[in-house]
Amino acid sequence: MTKAKAKARKRAKAVAKSSKPRHAKKIIRLAHKSRPKKAKAAPATKKVVRIMGHGQFTVDARTLKRLNDIDSELVEMVASEKADDAGFKKKLAELNQITIKYGKAVEPGEIVRSDIILPSADLPVDEAKKLFTGEGVIPEN
């Protein structure tokens with residue numbers, strides 16, 4: 001008996017012992033390979049936000065949208081001639097609080113370039129008029 005015939009007999013015995021025929025295993029493998037791959041979620045846009053005097057925070061796209069909405073309100077407040085200093089500072093404090101609450105603090109020793117720089121909450125309206133013009137401090141994407 002040749003080596004090829006001996007191998008063929010071994011395969012035949014193994015197939016007979018197996019509960020599934022050999023070709024079934026091959027079909028299962030092919031079916032597994034032909035399954036469409038799950039689409040990967042698009043990477044979330046993360047930005048590094050620096051709050052003057054408070055450090056840096058990484059924020060996700062959802063938080064960035066909330067910040068941008070408040071920033072737009074601040075731009076409108078500053079653009080109006082009757083800019084209320086107390087109301088402005090309240091909105092600015094809200095902007096900072098959302099960043100701190102929903103952002104992830106960057107380690108103090110880590111050096112990261114800030115994408116957005118927010119002023120501290122005690123910024124007077126007169127100085128804010130220089131910053132909150134056009135798009136504001138958070139550029140729209």
Do Tyr102 and Arg66 have side-chain heavy atoms sitting under 4.5 Å apart? yes
Mind checking whether Phe57 and Val48 have side chains closer than 4.5 Å, heavy atoms only? no
Reference residue Ile98; test side chain to side chain contact (heavy atoms under 4.5 Å, CB included); the match among Val59, Val49, Thr63: Thr63
Leu118 CG to Gln56 CD distance, which is reported to the nearest 0.5 Å: 11.5 Å
Once you round to the nearest 0.5 Å, how far does CG of Asn96 lie from OG of Ser120? 7.5 Å
Throw together a table of side-chain donor-acceptor distances under 3.5 angstrom for residues 86-94, partners on residues two or more places apart or in other chains.
residue, atom, partner, partner atom, Å
Lys91, NZ, Glu73, OE1, 2.7
Lys91, NZ, Glu94, OE1, 3.4

Can you name the one residue among Val112, Thr99, Val106 that meets side chain to side chain contact (heavy atoms under 4.5 Å, CB included) with Thr58? Val106
What salt bridge (charged side-chain N to carboxylate O under 4.0 Å, His left out) pairs are there with at least one residue in residues 98-114, not counting sequence neighbours? Arg113-Asp115
Interatomic distance, Leu95 atom CG to Ile70 atom CD1 [nearest 0.5 angstrom]: 5.5 Å
How many angstroms lie between CG in Asp69 and CG in Leu74, if you round to the nearest 0.5 Å? 11.0 Å
